[in-house]
Each structure stands twice: as structure tokens, then as C-alpha cells.
Amino acid sequence: MKRIALALFACCSIASADERRSGLLDMRPEAQAMQRDDSMNPGMLWVLDGEALWNRKPAPAMQSCADCHGDAAASMRGVAARYPAFDQASGAAFDLSGRIIQCREARQAGPPLARESHDLLALSSFVAHQSRGLPITPPEDTGIRAVRALGQSIYMTRMGQLDLSCGQCHDDHAGRRLAGSSIPQAHPTGYPIYRLEWQALGSLQRRLRGCMVGVRAEPFAYGSPEFIAIEAYLMERARGMEVETPAIRP
Amino acid sequence: MARVLLRVPTMTEKGSVIEIRALIQHVMETGYRPNAEGVLQARDIIWRFTCRYDGEVVFNAAFSPAIAANPFIAFTIIATQSGPVSFTWEGDNGFTQTETRHITVT
């Protein structure tokens, strides 16, 4: 009896250990090396562009990001690890890129930044890079909780002609293969990522569109509340994992 | 100017084999891809990379349309004497860029 109890205990303590793994570890060693060494990581090209944009005034009469926020290494440290965040004033959640877009429009009064444009990706990767190595720490207010719950329900809902939910691939079949790719656990640790297939930097929303098109579902629009809700849920799922921006992915 | 990531040791011992890494921001448009309107996008690639050490060519490479965007190249040279190491990328549409670093050999 005692032995059975011990065996049970052993089994359950293993099951409760953290089995989450970043998509980084699902890649072949060459791609991992590419991410880990800044002199080989093409995502750093966007980070450097973002740094230049951070310090530049969009027009002579306007203020630069740095004019308000100063040194990003101090002011932006840990910020990306806390997004998406709920904004009381507008009653909606913002992802990091959405916040940069809003800042540009409302505070800088500069030319708008389009989703997936080079400049927005560069600024987002530069800001997120300031959190590299820090644990993901989503906020805990009631606003974001509601958004997260919506994200979870979308994540669990079957969609598209293939009638599959995100969870059916990323929870039930993570670690297995789908044609040539291994199915990762879908942790949003490294965004924006340099995806080898894109040969460019892209956002989490672009990645999610790929998954939705893959199951023949109509993807949500860039910047939509649905995408931000999914991101809020994925960030909660990845709580405590390290930010990797700019990550490499296949 | 395209952004470049270079890794070149600044100081090394005479006779040692040193690794050099060079990555440049470039679309490497193949010339075979149609755009959204179905029209082929003109080829725009880097076709030559040259590394000179103290003025002498020590490494070069010919790139083809099959090379991915933002091409990365790594190779080794033998440190013989202190001097400049220059890297030149040449491509379509008159693209040319040169970066120079200095190696001190002791």
C-alpha cells in the first residue's frame, strides 16, 4: 500500500513539473544558434532600425519617442512582458504594437504607423528587445481578465473547414509533426519573430493568420479585438517564460 | 545604406585562424516571383561578396537568386599582419556597399 502511494506521488510530481517549452527548443540546432548569437540573427537588423526610429523625430516640429521616454533600456525594460494591457480610458485592450500606433497618433501627432509596416515592426521589436530574458508577467486587473477569457474561448473553439481548434494542435498534439513542421506549444515568447519562411520579421498576428488560413478559416483582421484577446490568453499561458525577442522561427 | 552585422576580432595572435561573420540587410528578390497584380517583380539581388585583407582579396563569393534574403556568410582567414579588413557587396541596380574594420595582430 505504501509502495503504491509512493508510486502515485512520484507520477504526480512529474506531471506537475513545468512541461512548457519555447518554440526555440523545437528548432534544429543551426536555427537555435542563429537566434542566440546577435551577429547571426537577422532580427537584429529590425531592432537596430527600431533604435534609429526611436531617436528620430518623425518631422522637425515633432517629438521623438526618446524625447518623452528617454533611454529605452531603462524606460522600456519589462514593458513587452506585461502586454497586452487593458486601457481604462478607452475600455479596450492594447497589444504592444497597438500602443505604439496610439502613441504615434495621439501623443506624437505623427504620420500613422500601419500594422505589419517596416517601421512598426522595427519599433515593436526594439521595444520588446528591452525585455529579452525577463519573465512574462501579464497584468491582473479585471479588464484584462475578461479579455483573456474571450481569448481562451476562441483558442478552444473549432474553426475553418478543417474544424480544428488552436488547442487541438497546440495542446493535444504539441511535439508531434504536421507534415514537415513540428507542432510547437504556441508560446508567444519571441515576437516579432524573424521567420525563415517569410525571410523577414513579422508579428504574432501574422503568425496567427498563418495558423487560421492553415485550417481554412477566415483570419481575424490585424489589430482586431479577437487577435488581442488570443494574445492575452497566450501570454497568460506563457507566464514566467522568458521573452526572446527577436526570435528565429522556421 | 543597408544595415550590416559584422563580427571581426579586433585583436588576435599572428598565425591564428579567425572566423569572420557578415550579414547584410537585402531583399534578394529572385526575379521569378509575381506581385499581387501577377506581374513579375524585377530581380534585385546581391551577386558578389568580396573580402580584402590589407588590400588583398582573401575571400569572395558569387550569390545567386536562390540565396535567401538578408544573406549571411561566415568564413575563416589566417591573421598574418595588422591591417584593414574590408567587405564589399555588389548587386543589381547599382547596389554597392563597403564596410571596413581593423585587425591588430600581435
Side-chain angles (χ1 to χ4, degrees), chain A residues 27-56 114-126 129 132 180 190 192-203 206 209 213 219 222 245-250, chain B residues 1-12 18-36 41-47 49 51 59 61 63-77 85-87 89 91-92 95 97 99-103:
Chain A
M27 299 195 296
R28 56 184 207 280
E30 294 83 353
Q32 294 193 23
M34 200 178 191
Q35 174 173 327
R36 292 197 168 106
D37 185 335
D38 284 350
S39 72
M40 292 198 282
N41 183 342
M44 288 308 291
L45 299 169
W46 275 258
V47 170
L48 293 173
D49 279 351
E51 182 176 24
L53 288 168
W54 177 267
N55 292 308
R56 185 186 309 153
R115 287 270 171 186
E116 235 41 37
S117 63
H118 177 86
D119 285 6
L120 184 60
L121 288 169
L123 279 166
S124 303
S125 62
F126 173 66
H129 182 64
R132 185 165 72 172
I193 56 165
Y194 188 89
R195 192 168 177 215
L196 300 176
E197 185 183 309
W198 298 331
Q199 297 188 30
L201 201 84
S203 68
R206 182 172 177 196
R209 286 174 74 90
V213 169
Y222 279 114
T245 311
I248 301 288
R249 290 292 182 268
Chain B
M1 283 272 282
R3 225 170 250 293
V4 165
L5 300 176
L6 273 178
R7 200 163 87 170
V8 185
T10 46
M11 249 221 263
T12 188
I18 52 177
E19 191 190 30
I20 300 216
R21 293 174 178 178
L23 191 161
I24 188 164
Q25 190 168 40
H26 197 283
V27 290
M28 295 297 282
E29 186 57 58
T30 62
Y32 301 119
R33 292 196 317 157
N35 64 14
Q41 287 167 268
R43 193 184 95 160
D44 180 13
I45 67 165
I46 290 172
W47 31 258
F49 169 78
C51 171
F59 182 91
F63 289 180
S64 72
I67 306 267
N70 309 310
F72 169 74
I73 199 154
F75 56 95
T76 53
I77 60 173
V85 187
S86 75
F87 307 89
W89 292 263
D92 294 328
F95 182 90
Q97 184 160 336
E99 299 280 330
T100 306
R101 298 288 184 275
H102 194 87
I103 298 190

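The figures here come from the full heavy-atom set of this structure, side chains too, leaving out hydrogens, waters and symmetry mates.
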Checklist entry - Of the backbone (N, CA, C, O) and the side chain (C-beta and beyond), which part of Arg21(B) lies under 4.5 Å from a heavy atom of chain A, both, or neither? => result side chain

Item to check | Asp37(A), part contacting chain B, at a heavy-atom distance under 4.5 Å | outcome: side chain

Item to check | Taking every non-hydrogen atom, the tightest pair across Asn70(B) and Pro42(A) | outcome: CB-CB, 4.4 Å

Checklist outcome for this item: Correct closest heavy-atom pair for Ala52(A) and Arg3(B) would be CB-NH2, 3.8 Å

Next on the checklist: Do Gln25(B) and Asp49(A) make a side-chain contact, defined as non-hydrogen atoms from C-beta onward lying under 4.5 Å apart?
Outcome noted: yes

Item to check | Atom pair CG/CG of Leu5(B) and Asn41(A) - distance to nearest 0.5 Å | outcome: 8.5 Å

Checklist entry - Could you state the interatomic distance from CG (Asp38(A)) to CZ (Arg7(B)), rounded to the nearest 0.5 Å? => result 10.0 Å

Checklist outcome for this item: Okay, Met40(A) and chain B: the region with an atom under 4.5 Å from a heavy atom over there is both

